[in-house]
Structures are given as structure tokens and as C-alpha cells.
Amino acid sequence: MSILENSLRQLVAASPLWKPGTKVIAALSGGADSLCLADVMAAQGEEDGVDVLAVHVQHHLRGEEAEQDARQVEDYCRNRGLAFRRVDVDARSLAEKEGLSLEDAARRLRYEALETCRQEAGAEAIFLAHHQDDQAETVLLNLVRGAGTRGLRGMLPVNGYLARPFLGITRRDTEAYCEEMGLTWCQDSTNEDQSLKRNWVRKTLLPLLETQNPQIRKQLAQAAALAASDEAYLEKLAGRYIDAYGREVFDTWDIKVEKDFAALPLALQSRVIRILVRNVGGAELSYDHVRKILDMIARGVGNKSLDVPGNVRLIYLNGRLMVGKNQRSREEERAAKLAQKERQRNERKS
Ligand SMILES: Nc1ncnc2c1ncn2[C@@H]1O[C@H](COP(=O)(O)OP(=O)(O)OP(=O)(O)O)[C@@H](O)[C@H]1O
């Protein structure tokens, strides 16, 4: 076994979601990264007793090219003796219906399809082939969007059922593996389209940054790993404050924000607020919103309230902060559920 194959196999085997005796999914687009991942998983699976199912999602966005890719990955799986499933989705219709970009619609349908396959196959996890270059792009994209330290984390190596064992290796490594194994990968022509932000980051911004620092991709990926571990630690500490001073009553959080809260460093105060808003289903808070909420608490008198995105209302009252969905959005949710039930009843009748 070559050094490259050996190290890639170790990366897969070291993932906390790679467990002997389980079934896992390899998300296989057909690009060099995911072909390499599927091939490494197939080999390591035979050794470790992990059952691998390759899933390819055909988004129907690239006409005959995409159809050829789907056939190519299916052929590869047949030749490799790897279980294969193809799922067809209509990304264009979803994009039109929900006013999404084609990329976002495809992404949403892809992750839904992978998750459905995971459940139907009784698989433990979904392995994705994102690598160091993708991670550097994601970190930059997040920063360009105005994200803070959570965005700096980029993609996590393990997130729920999702595993990304290749975040530390380069795109070139995955191509070298495919070349070594004689595997032919598919080229996605939309990767050249610079009107897509990710492609602009890949083709323009990163090369420009590389002129100043040739190590930038690796260092961005390392910064992401560090930010992820710092963030996890700070969230744990903020969670301890919530455990000690907060309580959940009917989907609303109620937490003491007096002396002990004021004594917390800003890093923890802001995380306590963010976690509570997330807990009740709110959107990720902006820096400005967190500041406004902390100001409201610091002023500390009377009864005040603030609405934030995701229909979440925060009410400050006598040293306590209440965080919950605002009444109107609860009523809207209830009405939407009733309407959905009505629709399902009508569909059953017709
Ligand atoms: N059509 C597909 N079918 C199955 N898996 C896919 C498909 N497209 C992508 N994947 C999986 O997702 C990984 C990342 O793919 P890609 O870089 O194209 O995603 P993206 O468009 O940047 O979106 P995101 O990173 O949010 O998934 C691939 O390595 C592969 O594991």
C-alpha cells in the first residue's frame, strides 16, 4: 500500500463516525475528492467490517454532462463491488418555487436526499469529501459574508451524522490518489462559473492571497480547526452558566442575568445569549443584535423587550431574561400546521 493510500485510510478510520459493524454512506459526486473518498472507504470498510453505500444525487442542472457523471459513478461502483444508490432531484423547480439560487436549492435537496438514504439504509453516518481547499474557501466565504468566530470554524470534521475526514488534505492529494489507482473522475463545468461566489473565492480571491502567503489554504484550514475547538470550549462554559441559572418553561427560556452574569467575560455573556436564541429556534444573531441585548440587560431597570430575526422575542424583567418565540409567530406556526393537516386530509380524500 502506498504512503498516500495508507494515510488516507487512516484519516477515514480515525473519524469518530467510522465504527466497525456499522453501515455508512459515501456521498459520491464523481469528482476526484469524493471518488477518492469512496474508494478509500471501500477498501478500509472491507478491512474494518464497515458496510459502505455510495450515494449519488443527480440534481438535473447540467444536462447531458450530469447524466454522464451519474453513469460513470455507477459504473465505478459496479466495478469496485460497492453498493450504489442514485437519487434524482429537481433543483430548478425548488429554486423557482422558493426563490433560491440554483446552488442553494441543489445543496438543500442533496443533503435531504443523503439523509433520507441514511435513514432508509439504516446507516450511521454520511461521509463527505470536503478537503483543505474547500475549507479555506468556506472560511473566506464566511468572512466575506461578515461572519464572526463561528463562521471562522468553517466546516466541522464531525457535525451530527456528517463526517468530513479529508479536511486536512488537499484537492491535489485526492487527485494524486485517483491517478495512482487509475480512477477517472468527472469534471464539473459549473466550477468555472465565477458568478458563483464560491468559484470567485476559488479562482480569484485565494490565488490573490496566495501571492502574499503561499501557505494560506493550509493556514486558513488550521485557523478553522483552532476556532472550532476554542468555540466548543467557550460554548461548554456558557452552557454551564445556563444549567446553573436558567430554566426552560413551555418552550421559553428564563435566565437570571444579574450580578453573576455581569461578572462573566463578554465572550461568555454573548454565547449565553446566542445559545438561548438558538435553543428556541431563532436565527444566528449578528454582532449588533448581541450588543443591543447586552445593553438592554446592562441598563437593568424596568421591563424591556427586543425582537430578533427568527421571530424570537427577548424580554428583560427584574434581573431575568426571557427568550422565546414571539406570540404572533407561535400562532402562525399553529395555523401553518393546521393548514398542512387540512391539505393532507384533502389529498387523502382525492
Ligand atoms: N451530486 C452529489 N452526489 C453525492 N454527493 C455529493 C454530490 N455533490 C457533492 N457531494 C458531496 O459533497 C462534497 C462537497 O461537494 P461540493 O464541494 O461540490 O459541495 P458545495 O457545492 O461546495 O456545497 P457544500 O460544501 O455545502 O456541500 C463532495 O465531496 C461529495 O462528498
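The figures here come from the full heavy-atom set of this structure, side chains too, leaving out hydrogens, waters and symmetry mates. If you're wondering where the values come from, they're calculated on a predicted model, not measured in any experiment. Just so you know, ligand 1 is whichever comes first in the structure, and atom 1 is the first atom listed for that ligand.
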Test your reading of the model: is there a side-chain donor-acceptor pair from [X] to the backbone of [Y], 3.5 Å cut-off?
{"X": "Thr174", "Y": "Arg171", "answer": "yes"}
{"X": "Ser229", "Y": "Leu226", "answer": "yes"}
{"X": "Lys325", "Y": "Gly310", "answer": "yes"}
{"X": "Asp39", "Y": "Cys36", "answer": "no"}
{"X": "Glu175", "Y": "Trp185", "answer": "no"}

What's the shortest distance from [atom] to any protein heavy atom, and which residue and atom give it?
{"atom": "atom 19 (O) of ligand 1", "result": "Arg110 NH2, 3.5 Å"}
{"atom": "atom 22 (O) of ligand 1", "result": "Arg198 NE, 3.2 Å"}
{"atom": "atom 25 (O) of ligand 1", "result": "His130 NE2, 2.6 Å"}
{"atom": "atom 3 (N) of ligand 1", "result": "Val57 N, 2.9 Å"}
{"atom": "atom 12 (O) of ligand 1", "result": "Leu128 CD2, 3.7 Å"}
{"atom": "atom 27 (O) of ligand 1", "result": "Tyr111 OH, 2.7 Å"}
{"atom": "atom 29 (O) of ligand 1", "result": "Ala129 CB, 3.2 Å"}
{"atom": "atom 17 (O) of ligand 1", "result": "Asp134 OD1, 4.2 Å"}

Close N or O approach (Phe127, ligand 1; < 3.5 Å):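 Among all N and O atoms of Phe127, none is under 3.5 Å from an N or O of ligand 1.
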Would you mind listing which atoms of ligand 1 come within a distance below 4.0 Å of any non-hydrogen atom of Ala27?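 Numbered from 1, ligand 1 contributes 4 (C), 5 (N), 11 (C), 30 (C), 31 (O).
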List every atom of ligand 1 that sits less than 4.0 Å from any heavy atom of Asp33, numbering the atoms from 1 in the order shown and giving each element.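 So the atoms of ligand 1 that pass are 29 (O).
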Select one of side chain, backbone, both or neither to describe which atoms of Leu28 lie under 4.0 Å from any atom of ligand 1, heavy atoms only.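 Backbone only.
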Tell me the closest heavy-atom pair linking Glu258 and Asn318, and the distance in Å.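 Residues Glu258 and Asn318, closest heavy atoms: OE2-O, 4.5 Å.
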Indicate the atoms forming the closest heavy-atom contact of Gln132 with Arg217, along with that distance.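 Closest approach of Gln132 to Arg217: CG-O, 4.1 Å.
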Close approach of His59 to ligand 1, heavy atoms, under 4.0 angstrom: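 It does; at least one heavy atom falls under 4.0 Å.
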Name the residue from Tyr316, Tyr245, Tyr241 that meets the ring pair (Phe, Tyr, Trp, His ring centres under 6.0 Å) definition with Phe261.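 Answer after filtering Tyr316, Tyr245, Tyr241: Tyr241.
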Under 4.0 Å between a side-chain nitrogen and a carboxylate oxygen: does that hold for Asp295 and Lys292?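 Salt bridge flag = no for Lys292 with Asp295.
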Ignoring hydrogens, just give me the one of Val55, Leu35, Asp133 whose non-hydrogen atom is nearest atom 4 (C) of ligand 1.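 It is Val55 that holds the nearest heavy atom.
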